[in-house]
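All chains are named by letter (A, B, ...) in the order of the sequence lines, taking the proteins before the strands, and each is independently numbered beginning at 1.
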Amino acid sequence: MIRKKVFHLAQLSAIGLTGYYIGQCNGKNTTQDCIEVDGKLLTSLPALPVFGTVSAAVPYTESGGSKDTTRVSQIMKYGFPGLDNIRSYDDYVLSYDRRTRVPHWVFEHLTKAHIAKNDQVDRSKCDFMPDESIHPFFRSLNSDYKGSGFDRGHMAAAGNHRLAQKHVEQTFYLTNMAPQVGEGFNRHAWNRLEKHVRKLTKLYDHVYCCTGPLYLPRKESDGKSYVRYQVIGANTVAVPTHFYKVVVGEAPDGTLDMEAYVMPNQKIPDETPVSSFMVPPETIERAAGLLFFDKIHRSKLSRINGKKV
DNA sequence: TTTGCTGT
């Protein structure tokens, strides 16, 4: 176990997470943050979960890739939007917000192969499941969503992870969910946006997709602005007011194009085109407190939202 | 098609 942790640390150092360590063993509330191995207390690292459900650095051997290239470093090639409570799964990476019980951001890397039809993969066999790597105080449960009227909406879409049954199953962790309006949003307008992102793999060899919630202020009748959002269930899971997607496509000739979208978490008329939700990426960064694709010099971007820059 | 829910 200890050797394995050292390996993980070495792997993650390569992608710029060294020095990210917050100890939690203080004799109080230590059930999930510390683990006893061979009579010694091991402190879990936020970026390096010791639980079997998550793996920080599994070498990606699917297509003969170098053993030095981890799937995590492929997915996160253009930078981490933030570093709060990182969890990495076999085919996506997220940052979890303990306060809202909803992720800050979820990162995916798509290619044609990842979304190709695969008869070996069956979504109907998947179950929504709580993520045991999150402390119980901050963990969302199926019971929180039940009867709430909201869908358990995937941030990393199940349809983006068809390479392996294990990959699609891991998108069903509740760490990857946020309460979404079902009719007219998750099952319709938002779904259309997800399909649009998948279609980008026809134009680009590599598509990098970052998805997450927003809690936007709104001016109320007293003329002042407030951030107001519903919470659901015993664990008070936050219902985001909006969701964003920031997407970068890498063309065969190496040019990079970016698209950024914000959609309100509400019923949206069916005829509304996806393009009408485009916004300047900077507005999402300011609202979310995150920096997207900060390893890409903006001068290397050919287009933003379809316009030359 | 893909996104999910509720009721049995």
Pair A:Glu220 + A:Lys224, salt bridge at N-O below 4.0 Å: no

Donor-acceptor pair under 3.5 Å: do we get one between A:Lys195's side chain and the base of B:dT1? yes

Determine, for A:Glu132 against A:Arg139, whether the closest basic-nitrogen to carboxylate-oxygen distance falls under 4.0 angstrom. yes

According to a 4.5 Å side-chain heavy-atom criterion applied to Ile, Leu, Val, Met, Phe, Trp and Tyr, with indirect links allowed, do A:Leu83 and A:Tyr208 form part of one hydrophobic cluster? yes

Taking all non-hydrogen atoms of both residues, which atom of A:Asp270 and which atom of A:His188 are closest, and how far apart? OD1-CB, 4.0 Å

Mind listing the residues from residues 101-112 of chain A sitting with a heavy atom below 4.0 Å of DNA chain B? Number order is fine. none

Contact class for A:Gly182 (heavy atom, under 4.0 Å): base, sugar-phosphate, or nothing? nothing

Please determine whether a side-chain nitrogen of the Lys or Arg among A:Glu282 and A:Arg286 lies less than 4.0 Å from a carboxylate oxygen of the Asp or Glu. yes

For B:dT1, does either OP1 or OP2 sit under 4.0 Å from a side-chain N or O belonging to A:Arg123? no

Please give, in whole Å, the distance from B:dT3 P to A:Asp127 CG? 16 Å

Below 4.0 angstrom from OP1 or OP2 of B:dG4, is there any side-chain N or O of A:His154? yes

Can you check whether A:Glu285 reaches A:Leu290 side chain to side chain, under 4.5 Å on heavy atoms? no

Does the distance from a Lys or Arg side-chain N to an Asp or Glu carboxylate O, for A:Asp131 and A:Arg87, drop under 4.0 Å? no

So does A:Asp151 reach the base of B:dT3 with its side chain, donor to acceptor, closer than 3.5 Å? no

Nearest-Å distance for atom pair CG/C1', residues A:Asn265 and B:dG4: 14 Å

Using a cut-off of strictly less than 4.0 Å, decide whether A:Arg162 has a side-chain nitrogen or oxygen near OP1 or OP2 of B:dT2. yes

Between A:Phe150 and A:Lys117, name the one whose nearest nucleotide on DNA chain B is closer to the 5' end. A:Lys117

Give one of base, sugar-phosphate or nothing for A:Glu183, where a contact means two heavy atoms less than 4.0 Å apart. nothing

Please report, rounded to the nearest Å, how far the P atom of B:dT3 is from the CZ atom of A:Phe128. 10 Å

Value in whole Å for how far the P atom of B:dT3 lies from CG of A:Leu193: 13 Å

Value in whole Å for how far the C1' atom of B:dT6 lies from CZ of A:Arg152: 11 Å

Is the closest side-chain donor-acceptor distance between A:Arg71 and A:His109 under 3.5 Å? yes

Taking only the side-chain nitrogens and oxygens of A:Arg187, find out if one of them lies under 4.0 Å from OP1 or OP2 of B:dC5. no

Under 4.0 Å, heavy atoms only, any strand: does A:Arg192 hit a base, just the sugar-phosphate, or nothing? nothing

In whole angstrom, give the distance that lies between atom CG of A:Asp270 and atom P of B:dT2. 18 Å

Without decimals, in angstroms, what is the distance between A:Gln180 CD and B:dT2 P? 18 Å

Nearest whole angstrom, please: distance from the C1' of B:dT1 to the CG of A:Asn186. 14 Å

